[in-house]
Amino acid sequence: MEEEIKSLNFIEQIIENDLAEGKNEKRVHTRFPPEPNGYLHIGHAKSICLNGGLAKKYKGKFNLRFDDTNPETEDEEYVNSIRNDVKWLGFQWDGEYNASDYFQQLYDYAVKLIKLNKAFVCELTAEQMREYHGTAVTSGKESPFRNRSIEENLDLFERMKNGEFPDGKYLLRAKIDMASPNMHFRDPALYRIRKKHHYRTGDQWNIYPMYDFAHGLSDAIEGITHSICTLEFEVHRPLYEWINNTLETPSRPQQIEMSRLNITYTVMSKRKLMQLVNEKHVSGWDDPRMPTISGLRRRGYTPESIRDFCERVGISKRENLIDVSLLEFSIREDLNKKAPRVMGVLNPLKVVITNYPEGQVEELEAVNNPEDESAGKRIVPFTREIYIEQEDFLEVPAKKWFRLAPGAEVRLRYAYFITCQEVIKDANGKIIELHCTYDPASRGGNSPDGRKVKGTLHWVSATKGIPAEVRLYDRLFTTETPDGGDVDFKELINPNSFQVIKSVIEPYLANAKAGQSFQFERMGYFCVDKDSTEKNLVFNRTVTLKDTWAKIADKN
């Protein structure tokens with residue numbers, strides 16, 4: 001059977017054409033340029049997979065560059081988290097750089113623009129700047145400081161650098177076209193005064209370049225061939241090209257725009273994610289409900305599942321909203337192949353098997369993963385007292401109820417057939433335990449006489465099982481588009497997105513380590529949390545076995 005040929009996305013088509021034409025000496029050099037002012041999210045993962053993947057596919061180079069031009073919001077903590085996330089996703093950069101590595105070169109480039117009479121020092125206030133800028137339907141007005149002499153501009157710009165003026169006193173602006181229909185072409189700011197301590201350069205600089213100035217020049221300095229960004233930067237591209245062309249930089253990177261990643265029930269704005277953290281709506285950047293890479297990792301997502309998701313989403317020029325169920329599908333597919341099966345009872349209900357010998361412990365064999373024969377088998381202890389899920393019993397069974405009920409018979413996974421004989425309640429009428437009998441001839445869950453038992457329940461020994469804290473995570477927001485509309489997105493937080501329950505798990509898991517994933521049979525996929533200790537195992541629910549939200553949507 002012939003291997004299916006995958007069609008190229010539009011960025012790959014551009015690169016293929018460039019290589020065929022011999023552009024860039026037939027080089028492919030990409031970069032991932034995060035600003036270290038927060039943790040990376042799933043949208044950044046798409047960019048990492050694309051840029052890192054293109055470099056690998058075309059045997060090129062891939063840079064990691066920190067866009068550290070705003071000292072007010074950046075921190076070494078974010079730098080370290082970004083490095084960890086990129087590596088965890090499975091990508092290794094060929095070179096690590098910082099925009100701050102180029103501060104002197106960027107300053108020199110700004111001086112060159114002034115000498116070319118393409119930049120000037122402006123002292124309009126912020127309010128005046130807005131007034132002079134014009135609107136989408138009216139032209140802007142030239143600054144009264146636009147025609148300063150080159151000598152005066154050079155003097156003022158150097159004095160800005162030397163710290164002689166307060167923040168906001170002056171801006172260095174490009175001299176382009178105040179009548180341009182592209183608002184970003186209307187004499188944009190290139191440098192501003194910021195007397196702030198920088199986490200890398202300390203107090204060396206009193207002025208910092210604007211993103212549009214630093215980004216394109218950093219690409220050119222590093223020899224980037226294809227500078228990939230999201231669609232909102234499409235209107236910035238003429239400025240990106242104007243700066244590099246005017247300064248005649250040695251290389252001319254090509255900016256290419258693609259759609260950003262938008263996912264249902266999620267906010268992707270770093271500013272809004274920062275609000276969730278700072279206002280303690282979540283426990284931190286790595287809260288398992290967050291769409292951050294560190295949050296997804298802590299929840300139990302694997303790098304393979306995220307790469308698969310990014311591959312399935314694809315690359316396009318059209319903005320769209322991706323259903324979060326696609327991300328959940330990717331992790332289910334991956335964990336189904338590799339996660340060991342175990343039994344954990346989340347909401348325990350005690351069952352006493354009255355005709356089973358007291359004190360007897362029976363060792364039963366269980367399959368670790370039916371999808372992977374090499375995973376082998378494990379021993380599960382069976383005792384007179386066990387726990388089942390509360391939801392697996394109904395005193396008054398509904399129609400087509402195949403689980404446990406008074407007088408009903410069910411199969412215990414890997415164990416025996418049991419029949420409920422008596423329901424024990426406390427003084428308030430609450431069910432506290434069930435008394436059942438078992439069929440000794442049904443060991444291993446096999447029918448001794450061919451009788452059919454439709455219900456199969458998971459269980460855990462009440463005396464040999466071990467306690468565990470299980471954290472149930474669900475979608476952080478109650479609506480598909482918390483970013484849209486007039487309602488504050490924080491008012492749309494799902495109050496049931498996080499629940500902690502005391503559960504019981506089989507002793508096989510006693511030595512489970514942080515980061516390990518398991519399928520709790522019939523209940524979902526769970527990951528050992530970093531909060532776990534020898535005395536208190538903590539599991540995070542990664543995802544349910546089925547898409548329960550889809551069922552809810554269908555009912556509505």
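In this structure, E521 and M523 have side chains that are not in contact, with every pair of non-hydrogen atoms separated by 4.5 Å or more. Looking at heavy atoms from C-beta onward, H41 lies out of side-chain contact with D85 at the 4.5 angstrom threshold. Using a 4.5 Å cut-off on side-chain heavy atoms (C-beta onward), W93 and R83 make contact. Looking only at side-chain heavy atoms (C-beta outward), Y58 and E16 come within less than 4.5 Å of each other. Between I42 and M268, the closest side-chain pair of non-hydrogen atoms falls below 4.5 Å.
Of the possible polar contacts, none joining the K272 side chain to the F489 backbone as a donor-acceptor pair under 3.5 Å is found. Between the T30 side chain and the N51 main chain, a donor and an acceptor come within less than 3.5 Å of each other. Remark: the backbone N or O of R289 is paired with a side-chain donor or acceptor of D287 at under 3.5 angstrom. Distance alone, capped at 3.5 Å, is enough to place a donor-acceptor pair between the H198 side chain and the D68 backbone. Put simply, the side chain of Q499 never gets that close to the backbone of L472: no donor and acceptor are under 3.5 Å apart. Judged purely by atom type and a 3.5 angstrom limit, N494 has no side-chain atom pairing as donor or acceptor with the backbone of L476.
A salt bridge (Lys or Arg N to Asp or Glu O under 4.0 Å) with K338 holds for exactly one of E371, E304, E333; it is E304. Residue Y208 is tested with Y102, F103, Y107 for a ring pair (Phe, Tyr, Trp, His ring centres under 6.0 Å); the sole match is F103. Screening R297, R471, R541, K513 for a salt bridge (Lys or Arg N to Asp or Glu O under 4.0 Å) involving D529 leaves a single residue, R471.
Two rings, from H236 and Y240, have their centers 6.0 Å or more apart. F91 has its ring centre no less than 6.0 Å from the ring centre of F32.
In this structure, R332 CZ and T544 OG1 are separated by 4.5 Å, a value rounded to the nearest 0.5 Å. One finds the CG atom of D323 at 9.5 Å from the CD1 atom of I263 (value rounded to the nearest 0.5 Å). The NE2 atom of H215 sits 11.5 Å away from the CG atom of L239 when rounded to the nearest 0.5 Å. Note that CD of E319 and CG of L231 are 5.0 Å apart. Values are rounded to the nearest 0.5 Å. Interatomic distance, CZ of R307 versus OG of S330, reported as 11.5 Å (0.5 Å rounding).
Seen from the ring of Y508, R378 counts as a face-on cation partner, given the 6.0 Å and 45° thresholds.
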- Applying ring-ring contact (aromatic ring centres under 6.0 Å, His included), run through F233 and Y211 and close with a yes or a no. CA-CA 11 Å; F233 289 99; Y211 173 84; 5.5 Å; yes
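Taking the six-membered ring where tryptophan is involved, the planes of Y78 and W285 are perpendicular, since the angle between them exceeds 60° and thus also 30°.
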